[in-house]
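Below is one structure, written out as structure tokens; the observations come after it.
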Amino acid sequence: ALARDRAVMAVPGPGGGERIPHDDVMAYLAPPPTPAAASNKPATATSTDSLVGRRVPHSSMRRSIAAHMVESMLRTAPHVTAIFEVNMAPVIAHREKHKEAFEKKGARLTFTAYFVQATVAAIRAVPEVNSRWHDDSLEIFDECNIGVATAIEGGLIVPVLRHAEKLDLEGTARALGDLTERARSNSLKPNEVQGGTFTITNHGVSGSLIATPIINQPQSAILGLGKLEKRPVVVEQNGRDEIIIEPRIYLTLTIDHRGLDGFQANKFLSSFVRTLEEY
């Protein structure tokens with residue numbers, strides 16, 4: 001009100017102490033007209049309005065992925081992400097020692113096999129992560145059906161490694177090799193991309209350090225694995241801090257905050273890290 005009173009005092013009046021007409025006050029307070037409005041001419045389009053790009057029609061896979069991600073992130077689950085880091089030196093040493101023997105048995109030993117094994121161990125520590133939200137309950141699964149996101153031509157597919165809790169490292173490596181090979185050759189059966197209880201996505205294979213993946217509904221969590229790279233870290237040796245180089249990756253666990261809390265995410269990742277660093 002004070003600002004308006006001051007503005008009215010500044011309105012040029014007719015002089016001689018006469019009252020200022022209402023229309024003069026309103027005209028003074030109104031914002032100045034734009035050049036286009038003042039000249040009664042339509043405003044010209046901005047430069048971006050004239051851009052014409054090359055349009056690529058969406059594939060059915062891309063439409064399905066888009067709908068699923070929007071549903072998960074914006075309409076279904078509140079997402080929360082925890083971030084840990086793991087020293088991969090023990091896994092690298094173990095793999096170098098055993099990969100040749102595994103290959104002779106028809107099992108290609110990849111880092112993903114270790115990640116699946118660590119996931120199973122972490123689920124045993126925090127069973128609630130391997131679950132599905134219902135309005136009246138949290139459905140926790142005893143079987144670990146681990147989906148492994150796999151990039152293929154035109155999108156992403158998630159073949160499911162069923163009953164991962166029953167497999168050792170060799171069995172995991174063999175089953176993963178078969179699934180990923182058939183995923184990339186488009187020869188998976190429909191039931192092999194269904195029924196997952198937890199998902200792993202290794203976004204680090206394309207160079208990403210940290211990501212916050214969207215939960216693959218109706219699951220309750222998804223694990224993201226970053227790029228493996230050597231980093232300087234500070235460790236205490238003989239009572240002194242020293243800088244050493246270690247091969248490390250960042251881990252992210254995104255959870256559905258309706259059914260899970262941060263302490264469970266942290267406990268899961270702590271178990272995951274411990275499993276990998278004890279090889």
Side-chain angles (χ1 to χ4, degrees), residues 60-73 75-77 79-81 110-134 137-152 155-167 171-205 211-225 251-260 264-265 268-269 271-272:
S60 58
M61 176 182 291
R62 178 49 54 192
R63 289 181 184 275
S64 177
I65 291 173
H68 194 55
M69 294 299 96
V70 169
E71 182 67 30
S72 176
M73 185 73 176
R75 300 195 184 114
T76 302
H79 284 48
V80 173
T81 301
T110 64
F111 289 132
T112 305
Y114 291 92
F115 297 148
V116 169
Q117 288 278 294
T119 295
V120 171
I123 286 174
R124 289 195 180 107
V126 191
E128 298 86 354
V129 170
N130 194 49
S131 67
R132 178 184 301 172
W133 169 268
H134 298 277
S137 61
L138 187 67
E139 183 180 11
I140 301 172
F141 301 103
D142 293 328
E143 61 188 78
C144 299
N145 296 337
I146 309 299
V148 180
T150 305
I152 62 173
L156 196 71
I157 194 168
V158 187
V160 176
L161 179 60
R162 295 183 178 278
H163 290 288
E165 78 281 1
K166 297 181 179 180
L167 300 174
T172 299
R174 182 178 291 106
L176 279 174
D178 173 62
L179 279 175
T180 55
E181 181 179 338
R182 289 190 294 111
R184 289 170 179 150
S185 63
N186 197 28
S187 58
L188 288 173
K189 299 174 183 177
N191 68 329
E192 291 178 315
V193 293
Q194 299 170 351
T197 60
F198 185 90
T199 297
I200 298 172
T201 178
N202 189 350
H203 55 85
V205 296
T212 55
I214 297 175
I215 297 168
N216 186 11
Q217 293 294 333
Q219 298 167 22
S220 291
I222 184 170
L223 178 69
L225 304 165
L251 316 169
T252 59
L253 184 72
T254 299
I255 60 171
D256 182 343
H257 210 345
R258 296 175 301 173
L260 300 171
Q264 291 163 310
F268 176 97
L269 289 173
S271 174
F272 188 94

(request) Give a yes or no on whether the backbone of Val148 and the side-chain of Thr150 come within a donor-acceptor separation of less than 3.5 Å. (result) yes
Between Ala164 and Ile146, the two heavy atoms sitting closest are CB-CG1, 3.7 Å
Donor-acceptor contact below 3.5 Å, side chain His257 vs main chain Ile255: no
Correct closest heavy-atom pair for Leu253 and Ala221 would be CD1-CB, 4.2 Å
Q. Under 3.5 Å, side chain of Thr252 to main-chain N/O of Ala211, donor-acceptor pair present?
A. yes
Here the pair of heavy atoms bringing Asn145 nearest to Gly195 is ND2-O, 3.1 Å
CZ (Arg184) and CD1 (Ile157) are apart, to the nearest 0.5 Å, by 11.5 Å
Here the gap from Phe111 atom CZ to Leu225 atom CG, rounded to the nearest 0.5 Å, amounts to 11.5 Å
### Task
Please answer whether the main-chain N or O of Leu138 pairs with a side-chain N or O of Ser131 as donor and acceptor at a distance below 3.5 Å.
no
(message) Determine whether a donor-acceptor pair (N or O, by modelled atom type, separation under 3.5 Å) exists between the side chain of Ser64 and the backbone of Ser60.
(response) no
- Flag yes if more than 12 heavy atoms outside Asn191 fall under 6.0 Å of its CG atom; otherwise flag no. yes
* To do: Step through the shown structure and confirm whether more than 12 heavy atoms of other residues, nucleotides or ligands are within 6.0 Å of CD on Gln194.
  => yes
Residues passing the salt bridge (Lys or Arg N to Asp or Glu O under 4.0 Å) test with Glu128, sequence neighbours excluded, are none
Q.
Any non-hydrogen side-chain atom of Pro159 less than 4.5 Å from a side-chain atom of Glu192?
A. no
Next on the checklist: Would you call the rings of Phe272 and Phe268 parallel, tilted or perpendicular, taking 30° and 60° as the class edges?
Outcome noted: parallel
inquiry  = Between Asn130 (side chain only) and Ile123 (backbone N and O only), is there a donor and an acceptor less than 3.5 Å apart?
reply    = no
Can you tell if the side chain of Leu161 reaches within under 4.5 Å of the side chain of Leu179, non-hydrogen atoms only? yes
To the nearest 0.5 Å, atom CG of Leu269 lies from atom CD of Gln264 at 12.0 Å
Partner of Ile200 under side-chain contact (heavy atoms from CB on, under 4.5 Å), picked from Val158, Ile222, Val116, is Val116
Value for CD1 (Ile215) from CG (Asp256), rounded to nearest 0.5 Å, stands at 5.0 Å
OG1 of Thr119 to OH of Tyr114, rounded to nearest 0.5 Å, is 14.5 Å
CD1 (Ile214) and OG1 (Thr254) are apart, to the nearest 0.5 Å, by 9.0 Å
Looking only at heavy atoms, the pair that brings Ser271 and Ala121 closest together is OG-O, 3.6 Å
Contacts of His203 meeting side chain to side chain donor-acceptor pair (under 3.5 Å) (sequence neighbours excluded), chain-then-number -> Ser208
Run Val120 and Arg124 through side-chain contact (heavy atoms from CB on, under 4.5 Å) and show every step you take. CA-CA 6 Å; Val120 171; Arg124 289 195 180 107; 3.5 Å; yes
